[in-house]
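Note sheet for the following structure.
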Amino acid sequence: MTKERFKELMQPIADGLFGKQKPYHMQQGTPPVVRPVGMIVEDLCTISDDEWAKYAFSREPLNGKFTDEQRVELTRKAMACGREYAERVVQEQGVRDPEKLAEKLGMKVDYPRMPQSTDRVLFAEFREPNKIHIYMDGVDKGEVLFAEPGVRHALTAQLDIKKLLLGHELFHWVEEKYRKEIWTRTYRLRLWEVGPVHNDSTVMVLGEIAAMAFTQALNNLRYSPYVMDAYLVYGYSPEAASALYEEMMTFAGRTPRLPEELEPA
Ligand SMILES: [Zn+2]
């Protein structure tokens with residue numbers, strides 16, 4: 001595969017699923033080795049909460065302002081925030097199922113095939129004040145991949161892709177509702193100060209990390225929904241998904257496996 005062809009493949013998903021996908025292989029110009037999807041999810045499902053910190057922050061515009069220790073600390077806090085609000089909303093509404101929860105909260109959820117402007121692949125989105133779109137093209141492609149060896153075992157029967165996406169988007173509504181008090185919005189990073197004058201900024205990625213923890217809690221999953229970043233992309237481009245897999249594994253301090261390292265079933 002040529003460098004140009006690879007760039008072409010990556011382009012539609014450059015804005016990714018739950019945030020910016022910045023495929024670093026594109027910068028290096030080397031196409032990744034394509035792995036079986038089962039290998040990808042098997043490995044990614046073992047990445048711990050703390051180990052997701054560097055990958056999550058790699059999508060943050062202010063990433064360069066943090067040390068690795070801070071990234072881990074903020075990731076923990078954002079995840080705790082997401083879980084706390086999940087339990088709170090479940091308590092208040094008396095249901096855990098994301099579809100029922102969305103209904104109780106008065107959300108308007110629809111399931112169109114693709115976004116109106118189809119220049120990129122998008123899996124779901126929240127539109128203020130209360131609309132959520134779940135795009136079925138990506139969901140269906142993900143469901144087809146359930147049949148691949150090792151996928152169901154890693155992702156478990158507990159996974160319902162639609163509900164996982166819905167839970168994530170629901171958190172964005174929650175965050176909006178509680179914007180004056182929710183930690184992901186009240187946390188500020190001091191960009192600079194000169195005497196009494198200073199400039200503080202919110203940190204965008206905290207809401208994304210919390211949204212992942214929120215939907216993980218609602219869906220009772222034992223792995224991070226960040227796994228879906230690579231999994232759902234696989235339905236469109238195994239090359240791009242393999243690049244993401246390498247990136248996630250490397251950020252987690254793991255060594256990405258090569259296809260020939262697959263253990264015989
Ligand atoms: Zn999001």
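First listed ligand is number 1; within each ligand, the first listed atom is number 1.
- Backbone or side-chain N, O or S atoms of Glu169 do not reach the Zn ion (ligand 1) at under 2.8 Å.
- The shortest side-chain heavy-atom distance between Tyr234 and Val34 falls under the 4.5 Å cut-off.
- Looking only at its N/O/S atoms, Glu208 has OE1 as the one nearest to the Zn ion (ligand 1).
- Looking only at N/O/S atoms, His168 comes nearest to the Zn ion (ligand 1) through NE2.
- When the N, O or S atoms of His172 are ranked by distance to the Zn ion (ligand 1), NE2 comes first.
- Classified by interplanar angle (parallel below 30°, tilted 30° to 60°, perpendicular above 60°), the ring pair Tyr85/Tyr178 is tilted.
- Between Leu166 and Asp160 there is no side-chain heavy-atom pair separated by less than 4.5 Å.
- Evaluated for a side-chain contact (heavy atoms from CB on, under 4.5 Å) with Phe123, the options Ile134, Ile161, Leu165 yield exactly one hit, Leu165.
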